[in-house]
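Convention: sequence-line order gives letters A, B, ...; per-chain numbering from 1. Note: hydrogens, waters and symmetry copies are ignored here, and every other heavy atom, side chains too, is used.
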Protein chains: 2
Amino acid sequence: MTRAGGRKRARPGEGARLRTELLAAAERILDAEGEDAVTVRGVAAAVGVTTPSVYLHFASRLELLHAVCLGVWDELGRCMSDAASDVDDPFSALHRRCVTYIAFGLEHPLRYRLVMNGRATEASRQVAADCFRYLAEAVEPCVAAGALRGDVGELTRALCAGLHGAVALLAPQPPEMWPHDLDTYAANTASLVVFGAAALGRLPDPSATPGSDTLAGLFTTPSVAGAVCGPPGSPTV
Amino acid sequence: MTRAGGRKRARPGEGARLRTELLAAAERILDAEGEDAVTVRGVAAAVGVTTPSVYLHFASRLELLHAVCLGVWDELGRCMSDAASDVDDPFSALHRRCVTYIAFGLEHPLRYRLVMNGRATEASRQVAADCFRYLAEAVEPCVAAGALRGDVGELTRALCAGLHGAVALLAPQPPEMWPHDLDTYAANTASLVVFGAAALGRLPDPSATPGSDTLAGLFTTPSVAGAVCGPPGSPTV
DNA sequence: ATGTCAGGTTGACGGTGACAAGTAGCGCGC
DNA sequence: GCGCGCTACTTGTCACCGTCAACCTGACAT
């Protein structure tokens, strides 16, 4: 590649400028043409620089890609913190954070896949750890208030699994296969996850196979006791 | 590539034999060295055949990879059908299938990722549809028995999301980062998912933000009413 | 023996990530 | 004002990849 457009050499100390330009170019290409189109050569050319220069700022193509994503993921952190700032009830707050997580993932499916599905890098590990922390922060008050029971770490992990699934199941699919109402999807899945987590701490033996009888115990409110599920030994199919 | 080892030409009608040999070789390489190591050239060489011959049986590298995985996924179908054959209670049966799904995914993390995370092919769509069906088969009796409420499709989709997450969260990580007790992990996450699904149909307004009060209603058994959560207007943190 | 055709091979193209080694420009110390 | 050294970047080059068009060849039916 002959130097395109006579790019000026950065002054010492301004080497990082190329880095940000590369990131911007990579982001542009990523959004416009997808992951596979982001090639080291292409990004370099878009900035007007030769290929190996990219390696002065990024150890590999993957690191470049992940660096592009990280910018967006920082936004997730803020969103999740903000999401429940006006909510007092800890369980509601947790639910809100879960909805936020899902909504965020579905807004950036490409980047989500890139960071979460590919082979792990240092950057992606950082992202995962942050996500875990944001959730754990919301789980802890729930445990303190008695809404959730059990180990905070284990609960958070289970929550993460559920949330990640909600996004990861859709992210690789073309958008036309997504549910029509994404808000409802996010709310539903978030509810599934938080209520599931709540149930976890209330199971007699968490590792046993729970039957409809366990369910009857869990989901029977005092007022409608006995009406929720059939009588003991309820009809099978 | 000079012909390695004097491979005999297959007789007409036996062309499919090379296909199975290629699959076996690809599988060997996949397990031994990971996804990236499975290259068209490498697989061909392992069988003792030239590179373009692979294209006589697989449209592309990705199709080859997916074909390798599909063999294992058929096993999942059998496993999920068998898993609950001796269980009468539909809710227990669903739980068993969920555990089976997670366990399967964690036994074949590499193949799981390959099929579920990569860009979708016809083969992977087929796989996903099968999984959905296996679960839906178990959801339906639950709905019929009243253990679950709501649309079967929607419930199944939510379940899928949770289960997929449980696997997909761990699959890309190196095994040393996995929980120590995978059985418990599978059982826990399966419980979270099925109880969460059960809760979904019992929420007053599924799309609203549920608070601890909702939780109290759901998880209070007649016998321990009032002891599960704090009194109405429970302490916040 | 010969035609046919499935089951391969040859050779090459365009593109990729990665790197070793060289070069040009800037700023600082003198 | 001048050269030294550091930094930012370039040149040139590997090794390898997936994919394809075109050609060859051996086994069988006749």
Side-chain angles (χ1 to χ4, degrees), chain A residues 1-26 29-30 33-68 114 118-123, chain B residues 1-26 29-30 33-68 114 118-119 121 123:
Chain A
M1 170 70 43
T2 65
R3 68 163 53 210
R7 173 188 169 80
K8 273 300 181 202
R9 163 181 304 271
R11 285 129 117 201
E14 291 189 0
R17 209 181 52 192
L18 175 57
R19 190 192 144 92
T20 67
E21 287 182 40
L22 289 170
L23 279 176
I29 298 175
L30 181 64
E33 310 179 49
E35 174 180 347
D36 291 346
V38 180
T39 124
V40 179
R41 286 170 149 81
V43 172
V47 174
V49 126
T50 59
T51 312
S53 302
V54 174
Y55 289 94
L56 297 172
H57 298 281
F58 303 96
S60 70
R61 185 189 101 101
L62 197 63
E63 292 286 353
L64 166 61
L65 275 174
H66 279 196
V68 170
L114 205 47
R119 190 148 300 282
T121 66
E122 195 43 52
Chain B
M1 168 70 44
T2 66
R3 65 163 53 207
R7 172 191 169 79
K8 275 299 180 203
R9 165 186 300 271
R11 282 129 116 201
E14 291 188 2
R17 209 179 55 190
L18 175 57
R19 190 192 145 92
T20 68
E21 288 182 40
L22 288 170
L23 278 176
I29 297 175
L30 181 64
E33 310 178 49
E35 174 180 344
D36 291 346
V38 180
T39 120
V40 178
R41 285 171 149 81
V43 171
V47 174
V49 124
T50 58
T51 312
S53 302
V54 174
Y55 289 92
L56 296 173
H57 298 281
F58 302 96
S60 71
R61 184 189 103 103
L62 196 63
E63 293 285 353
L64 166 61
L65 275 172
H66 279 197
V68 170
L114 205 49
R119 192 149 299 282
T121 65

Please pick, from [options], the nucleotide with the shortest atom-to-atom distance to any side-chain atom of [X].
{"X": "B:Pro52", "options": "C:dG17, C:dG8, C:dT9", "result": "C:dT9"}
{"X": "B:Leu56", "options": "C:dG8, C:dG17, D:dT11", "result": "C:dG8"}
{"X": "B:Arg61", "options": "C:dG11, D:dC9, D:dT19", "result": "D:dT19"}

Starting from [atom2] on [N], measure out to [atom1] on [X] and report it in whole angstrom.
{"X": "B:Leu65", "N": "D:dC17", "atom1": "CG", "atom2": "P", "answer": "14 Å"}
{"X": "B:Asp36", "N": "D:dG18", "atom1": "CG", "atom2": "P", "answer": "10 Å"}
{"X": "A:Leu22", "N": "D:dA8", "atom1": "CG", "atom2": "C1'", "answer": "12 Å"}
{"X": "B:Glu21", "N": "C:dG7", "atom1": "CD", "atom2": "P", "answer": "13 Å"}
{"X": "B:Arg19", "N": "C:dG7", "atom1": "CZ", "atom2": "C1'", "answer": "16 Å"}
{"X": "B:Arg17", "N": "C:dG7", "atom1": "CZ", "atom2": "P", "answer": "11 Å"}
{"X": "B:Phe58", "N": "C:dG8", "atom1": "CZ", "atom2": "P", "answer": "13 Å"}
{"X": "A:Tyr55", "N": "D:dC9", "atom1": "OH", "atom2": "P", "answer": "17 Å"}

Subject >> Nearest non-hydrogen partners of A:Ser53 and A:His57, listed with the distance >> reply: O-CD2, 3.7 Å
**OP:** Would you name the heavy atoms of B:Arg19 and B:Phe58 that are closest together and state the gap between them?
**Re:**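 So the minimum-distance heavy-atom pair works out to NH1-CE2, 3.4 Å.
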Original post:
Between A:Ser53 and D:dT10, does any side-chain N or O lie under 4.0 Å from OP1 or OP2?
Top reply: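 Checking D:dT10 against A:Ser53, a side-chain N or O does come within under 4.0 Å of OP1 or OP2.
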**OP:** Nearest 0.5 Å please: distance from the CG atom of B:Leu65 over to the CD1 atom of B:Ile29.
**Re:** 10.0 Å
Subject >> Bend angle of the helix from C:dA1-D:dT30 to C:dC30-D:dG1, from helix axes over five pairs at each end, nearest 10° >> reply: 20°
Please table the atom pairs, donor to acceptor, closer than 3.5 Å between any side-chain atom in residues 35-48 of chain B and protein atoms at least two apart or in another chain.
| unit_1 | atom_1 | unit_2 | atom_2 | d |
| --- | --- | --- | --- | --- |
| B:Thr39 | OG1 | B:Arg41 | N | 3.0 |
| B:Thr39 | OG1 | B:Gly42 | N | 3.1 |

Between protein and nucleotides 14-16 of chain D, what N or O pairs are separated by less than 3.5 Å?
none

